[in-house]
There are 2 protein chains.
Amino acid sequence: MNAQSNNSSNNIASLPTSAPPSSKGSVQSWIYDQIFAAILEQRLAPDTKLAEDTLGEIFGVSRTVIRAVLQRLSHDDVVEIRPNRGAVVASLTVDEVRDVFEARRVIENGAIDLACKRRKKSDVANLKALVESEQEAFEGNDRGAWIRLSGEFHLALAGIAGNKALEDTLRALVSRTSLAISQYETPGQSACSQQDHFAIIDAIDAGDMKSAQQEMTRHLAECEAKLDLDEQEKGTDLRTIFSNIRTGNDKSETL
Amino acid sequence: MNAQSNNSSNNIASLPTSAPPSSKGSVQSWIYDQIFAAILEQRLAPDTKLAEDTLGEIFGVSRTVIRAVLQRLSHDDVVEIRPNRGAVVASLTVDEVRDVFEARRVIENGAIDLACKRRKKSDVANLKALVESEQEAFEGNDRGAWIRLSGEFHLALAGIAGNKALEDTLRALVSRTSLAISQYETPGQSACSQQDHFAIIDAIDAGDMKSAQQEMTRHLAECEAKLDLDEQEKGTDLRTIFSNIRTGNDKSETL
DNA sequence: TCCAGTTATATTGTATCCAAAATCAGTATC
DNA sequence: GATACTGATTTTGGATACAATATAACTGGA
């Protein structure tokens, strides 16, 4: 029905991909980055249990620091902490996925508005370079890098808007989008096309705000459409299955 | 120059205003609410040190749970945790305040768009009741309740939009706004007028989306204008003071 | 008097320990 | 065969103890 969390220990055991503790930055941040990346790059599936002890052994630290990391991850909504029952990789309901895309439409169109007004020459060039890297990763089948770079394009766009608050807000939504993709993507379809990204850049470069917003709206709608949201809904939600049953206490209300 | 954190122990000592541990909800959440409210209602000024030991004694728990609470608060951006140097009540720079208002303009206008499409009869009534409570608190000089209710109006509006992601995002910005007000407000001016709120409600009630958005934009701009952002900027930022000095490495770039 | 360097104190970061809760295994019962 | 109960095991929540770091207090010299 939904993603299974079998052989979970194997999944978790393959976590520390890159360098050891690393010189700069705290160990805690390093562990945070490792787990975050593992989730976004879909090496850890939704609903996978993240046991404190196991993670502590893997990273060579005590549960104390793992607890702190898991708490940070839960703030970013990529991990869910259930009181007394531990942490799991977050899984989104269909409605939550729809909300995330809708919220992104609002925020990213706002960001485009600002970006068109504040863009500098170098911004557009940087943006193009980013999407080219993205394309390389895609063609080289480096799925992890591709997902990451795809998100970074949207964040870079918000960066040009020059509003940290908006950018931070979008960062949370972008990572939730990655989660949604890993949970609902249809096997063949690639979720996010570089052509769309180039089209948005061109419109911004030309200073055509309206057109850029239309492209963005279309792009997000397309990404959402590529997900298998209807199927899952039927399978997961009992209410939907029995939606033909009426019980009298129907509190729907319309203006 | 900016708010002093003298007699800090007195400030902190006056924290636990309401009931003991409370039956429902964990102790941690209760402590979180206490500190959050104290900050939003401006009983704790920006830059006030939040020592783990002190807070632990006040609330009768160990540093472990205080640390968790401070971490949550720092994620909400109302507390800043400086590695190895402890936590303080967050203080916003002038630029951050401007960003927050700009981000709110984007998000709340998006929320109005959705709210106009999805509103139910009861929604408008609830909204009105909320602003009436707000007005009572204002007239009764209950500053704490007034600030809280003022924020709740904006959140209730986002609630009508029916998008949790957008609402959560706005919640973070509303609390940062309260921080900004406590830091930059001009003594006489009340920051947020109930008349504006009623005007927005009326426009939504009439289904006039454009007008509601204009009212919201104007309302936010007015709140921002009531803050003393220019003065502080001069006093705080050395770069601004010496902005007439030119050093050669001027990396400003324009399209 | 002011500043630099040193020592002492206080505070944060992390590990470990104990208690409480949930999960799991096995047994009995229908 | 399925469900409900009981006890053992595992896992989380929280307090304490120790190590690392930052802050302060102090001393000596210019």
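Residue numbers start from 1 in every chain, and the chains themselves are labelled A, B, ... in the order their sequence lines are given, proteins ahead of strands.
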| message | Show, in sequence, the C-alpha distance, side-chain angles and deciding distance for A/Leu55 and A/Ile35, and conclude whether the side chain to side chain contact (heavy atoms under 4.5 Å, CB included) test is met. | response | CA-CA 10 Å; A/Leu55 288 170; A/Ile35 300 180; 4.2 Å; yes
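Between the side chain of A/Glu152 and the main chain of A/Leu130, no donor-acceptor pair closer than 3.5 Å is present. In this structure a side-chain-to-backbone donor-acceptor pair under 3.5 Å is present from B/Asn163 to A/Asp99. Using a distance-only test at 3.5 Å, with no hydrogens or angles considered, no donor-acceptor pair links the side chain of A/Thr186 to the main chain of A/Asp228. The backbone N or O of B/Leu166 sits nowhere less than 3.5 Å from a side-chain atom of B/Thr169 that would complete a donor-acceptor pair. When atom types are taken as modelled, the side chain of A/Ser175 and the backbone of A/Arg171 share a donor-acceptor pair closer than 3.5 angstrom.
Considering only side-chain N and O atoms, B/Ser62 lies under 4.0 angstrom from the phosphate OP1 or OP2 of D/dA15. Between A/Arg85 and D/dT11 there is no side-chain N or O to OP1 or OP2 distance below 4.0 Å.
Rounded to an integer number of Å, the gap from CG of A/Asp53 to P of D/dT12 is 7 Å. The CZ-P distance, from B/Phe59 to D/dA15, rounds to 14 Å in whole Å. Between the P atom of D/dG14 and the CD1 atom of A/Ile81 lies a distance of 12 Å, rounded to the nearest Å. Across the protein-nucleic acid pair, B/Glu52 atom CD and D/dT21 atom P stand 16 Å apart, rounded to whole Å.
Checked against B/Gln183 for a side-chain contact (heavy atoms from CB on, under 4.5 Å), the options B/Leu92, B/Leu229, B/Leu227 give a single hit: B/Leu92.
Evaluation of atom-type donor-acceptor distances gives no pair under 3.5 Å for the side chain of B/Arg63 against the base of D/dG14.
Comparing A/Val61 and B/Ala87, the nucleotide of DNA chain C nearest to each residue sits closer to the 5' end for B/Ala87.
Salt bridge annotation for A/Arg82-A/Asp47: absent, with no cationic side-chain nitrogen under 4.0 angstrom from a carboxylate oxygen.
Scanning DNA chain C 5' to 3' for nucleotides with an atom closer than 4.0 angstrom to a non-hydrogen atom of chain B gives a first and last hit of C/dT11 to C/dT14.
For DNA chain D, the neighbouring residues in residues 65-74 of chain B, judged by any heavy atom under 4.0 Å, are B/Val65.
For residues 74-94 of chain A, every residue pair satisfying the ring-ring contact (aromatic ring centres under 6.0 Å, His included) rule, not counting sequence neighbours, is listed here: A/His75-B/His75.
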